[in-house]
Protein chains: 2
Amino acid sequence: MTATSDAEHALRGASLRVTRPRVAVLAAVHEHPHADTDAIIRAVRSGTGGVSTQAVYDVLRALTSAGLVRRIEPAGSVARYEARVGDNHHHVVCRSCGAIADVDCAVGAAPCMAASDDHGFSIDETEVTHWGVCPDCTTAHSP
Amino acid sequence: MTATSDAEHALRGASLRVTRPRVAVLAAVHEHPHADTDAIIRAVRSGTGGVSTQAVYDVLRALTSAGLVRRIEPAGSVARYEARVGDNHHHVVCRSCGAIADVDCAVGAAPCMAASDDHGFSIDETEVTHWGVCPDCTTAHSP
DNA sequence: GCGTAATTTGGAACGATTCAAGATTGGTAA
DNA sequence: TTACCAATCTTGAATCGTTCCAAATTACGC
Ligand SMILES: [Mn+2]
Ligand SMILES: [Mn+2]
Ligand SMILES: [Zn+2]
Ligand SMILES: [Zn+2]
């Protein structure tokens, strides 16, 4: 199973047409977790064949609404995408360099943390973001 | 104690110069929890005296770094500000209309939820955002 | 092979935020 | 009180990521 055939399978499973841009973008997101649009564009273009910027934006939106990728928007960051979906995992973000790492949910099921008072909202997802400083930045700033 | 004199006190306590824009913006944030910059600008201008857009942005940044207000950025939303600081509370956001309500932390102290694996990050804050549909939107969409 | 969805190309527009440079003013020390 | 000066405000333009537009071309799926 190559990354490409995985991507083709996933696209068909979501009733999305299998096109070169879609396969390339989905594979790139798999290979570069939490990458932003620009990084994905560069990854796709470093592979075979050119893809227009517009196509990447369009594809990312299609993949996101199909549930094949997840879009996250940490405060102060542009949109980032990942292929780990449906497992209710969370993130830890470096305040210094923006690095993002996955954090498994301590509870497991979504929503992982019931609100003490939901104010009548019907909650379907709970997003947890831990903020701190990554090991690299900690080392760099305390010599 | 008027809202204005409260704001002046808070500014002095934070060693910030007391200026008309700062007093007005801080009072507006107190009066309009989770308001965005544009709403704050309108609130300030509806009061006495004009204030430049740039001044409001500068003031909000100064107040945020002084810890007098908190800036939150729910995904898909512009920056919003609130005066409830230091109590580690969380938020529930309506996917339909963007309404935001406070949710007290179920644990109490910060960080309210230890990461299962912090990947070596030194975490100083954990942000929890519940996503759902508010009562008004639920009513409106299911007649 | 057809019909239509998707992509390309080139561009314009967008809104929130930021930058730059000069004018004003709050706090403080003389 | 007064003068000083860095901090703050005003004005106007620029930046950024992203979206949207429209027309022509391609190519997927049946
Ligand atoms: Mn992740
Ligand atoms: Mn709040
Ligand atoms: Zn870092
Ligand atoms: Zn709502």
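Both backbone and side-chain heavy atoms feed into the values below; hydrogens, waters and symmetry mates do not. The chains referred to below are lettered A, B, ... by the order of the sequence lines, with proteins before strands, and numbering in each begins at 1.
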5′-ward residue of the pair A:Thr53/A:Arg22 relative to DNA chain C: A:Arg22
5'-most by nearest nucleotide on DNA chain C - A:Val56 or B:Tyr57: A:Val56
Cationic N near anionic O, under 4.0 Å, A:Glu127 to A:Arg70: no
Within residues 63-89 of chain A or reaching into it, pairs that qualify as ring-ring contact (aromatic ring centres under 6.0 Å, His included) - sequence neighbours excluded: A:His89-A:His91
Does a donor on one side chain and an acceptor on the other come within less than 3.5 Å for [X] and [Y]?
| X | Y | answer |
| --- | --- | --- |
| B:Arg71 | B:Ser65 | no |
| A:Arg95 | B:Ser122 | no |
| B:His119 | A:Asp102 | no |

Interatomic distance where CG belongs to B:Leu63 and C1' belongs to D:dC9 [whole Å]: 14 Å
Length of the line joining A:Asp58:CG and D:dT19:C1', which is rounded to integer Å: 9 Å
Gap between atom CD1 of A:Ile40 and atom CZ of A:Arg45 - 0.5 Å precision: 12.5 Å
CD1-CD distance between A:Ile41 and A:Gln54, expressed to the nearest 0.5 angstrom: 9.0 Å
Sugar-phosphate, base or nothing in reach of B:Ala62, heavy atoms under 4.0 Å: nothing
N or O in side chain of A:Thr37 less than 4.0 angstrom from D:dT18 OP1/OP2: yes
Side-chain N or O of A:Arg61 closer than 4.0 Å to phosphate OP1/OP2 of D:dC20: yes
Side-chain heavy-atom pair A:Ile123, B:Val92 within 4.5 angstrom cut-off: yes
Reading 5' to 3' through nucleotides 21-30 of chain D, protein heavy-atom contacts under 4.0 Å coded B for base, S for sugar-phosphate only, - for none: -------BS-
Opening and closing nucleotides of DNA chain C in contact with chain A, under 4.0 Å to non-hydrogen atoms: C:dG3 to C:dG11
